[in-house]
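For reference, the structure is listed below as structure tokens.
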Amino acid sequence: MAKTPIQDIEHVSQIFKVLSDVTRLKIVLAIKEGEKNVTAIAQEVDMEQSAVSHQLKLLRDNRVVKTKRHGKAILYSVDDAHILDILEQTFRHVQHR
């Protein structure tokens, strides 16, 4: 088996750091079914829009979420289905007894 490059290890660690925050995890789960604007996300996670925007920037910077402009609105969605796979497997692990 080939040795895993340190850059890959660091990137994986960063993704887990980003997803380890409860607020960011709630945001990702809020958009797992599809695109939403920041107002809808803020309502769903019961937070101020400015706080959600800050967390969305961190998620976007780490390629966990992506944006799409629709007129004046910016819609957020999960960047890659692999993120949802990671979360699904983690929830399965947590629920496994």
Side-chain angles (χ1 to χ4, degrees):
M1 182 179 222
K3 186 175 178 182
T4 305
I6 189 66
Q7 295 90 345
D8 290 350
I9 294 170
E10 290 170 350
H11 190 223
V12 167
S13 175
Q14 184 61 31
I15 289 171
F16 279 114
K17 284 179 189 176
V18 169
L19 291 174
S20 70
D21 180 84
V22 172
T23 299
R24 289 190 290 266
L25 185 55
K26 286 180 183 179
I27 290 169
V28 172
L29 294 173
I31 61 173
K32 75 177 188 174
E33 298 300 325
E35 301 171 330
K36 292 183 182 173
N37 65 26
V38 69
T39 303
I41 297 167
Q43 289 174 345
E44 189 163 333
V45 298
D46 194 29
M47 291 179 58
E48 294 292 325
Q49 189 170 327
S50 60
V52 171
S53 292
H54 175 74
Q55 298 302 327
L56 283 166
K57 181 181 180 344
L58 290 170
L59 290 166
R60 191 176 66 243
D61 289 348
N62 286 280
R63 295 179 37 220
V64 175
V65 302
K66 62 184 176 182
T67 61
K68 179 174 92 175
R69 183 171 291 280
H70 185 68
K72 289 185 177 184
I74 296 177
L75 301 175
Y76 294 86
S77 60
V78 175
D79 186 82
D80 187 314
H82 292 112
I83 295 295
L84 297 177
D85 294 341
I86 291 167
L87 292 176
E88 183 180 327
Q89 289 296 322
T90 305
F91 279 112
R92 280 189 193 155
H93 175 71
V94 168
Q95 294 165 354
H96 180 75
R97 304 272 179 220

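Index from 1, following the sequence. Any value given below was found using the heavy atoms of this structure, including those in side chains, with hydrogens, waters and symmetry copies removed.
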Separation of [Y] [atom2] from [X] [atom1] (nearest 0.5 Å):
| X | Y | atom1 | atom2 | value |
| --- | --- | --- | --- | --- |
| L59 | T23 | CG | OG1 | 10.0 Å |
| Q89 | H82 | CD | NE2 | 12.0 Å |
| R60 | I74 | CZ | CD1 | 7.5 Å |
| Q43 | I41 | CD | CD1 | 10.5 Å |
| I15 | E10 | CD1 | CD | 12.5 Å |
| L84 | E33 | CG | CD | 8.5 Å |

Contact check, side chains of [X] and [Y], non-hydrogen atoms, under 4.5 Å:
| X | Y | answer |
| --- | --- | --- |
| L87 | L25 | yes |
| V64 | L19 | yes |
| L75 | N37 | yes |
| Q55 | D21 | yes |

Going by salt bridge (charged side-chain N to carboxylate O under 4.0 Å, His left out), name the residues that satisfy it together with R92, two or more places apart in sequence or in a different chain.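 Once residues adjacent in sequence are excluded, the partners of R92 under the salt bridge (charged side-chain N to carboxylate O under 4.0 Å, His left out) criterion are E88.
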
Looking at every heavy atom in both [X] and [Y], which two are closest together, and how far apart are they?
| X | Y | answer |
| --- | --- | --- |
| V45 | A30 | CG1-CB, 4.2 Å |
| V65 | Y76 | CG2-CD2, 4.4 Å |
| V38 | S53 | CG2-OG, 3.4 Å |
| K72 | R69 | O-NH1, 3.6 Å |

Connected via hydrophobic side-chain network under 4.5 Å: L29 and L58: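 No, it is not one cluster - the side chains of L29 and L58 are not joined through contacts under 4.5 Å.
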
Heavy atoms of other groups near [X] [atom1], more than 12 under 6.0 Å:
| X | atom1 | result |
| --- | --- | --- |
| D46 | CG | no |
| K26 | NZ | no |
| E48 | CD | no |
| R63 | CZ | no |

Does I86 offer a backbone N or O that forms a donor-acceptor pair with the side chain of T90 under 3.5 Å?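 Yes, the answer is positive, given that a donor and an acceptor are paired below the 3.5 Å cut-off.
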
Among V18, V78, L56, which residue meets the side-chain contact (heavy atoms from CB on, under 4.5 Å) test with V28?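 The option that passes is V78.
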
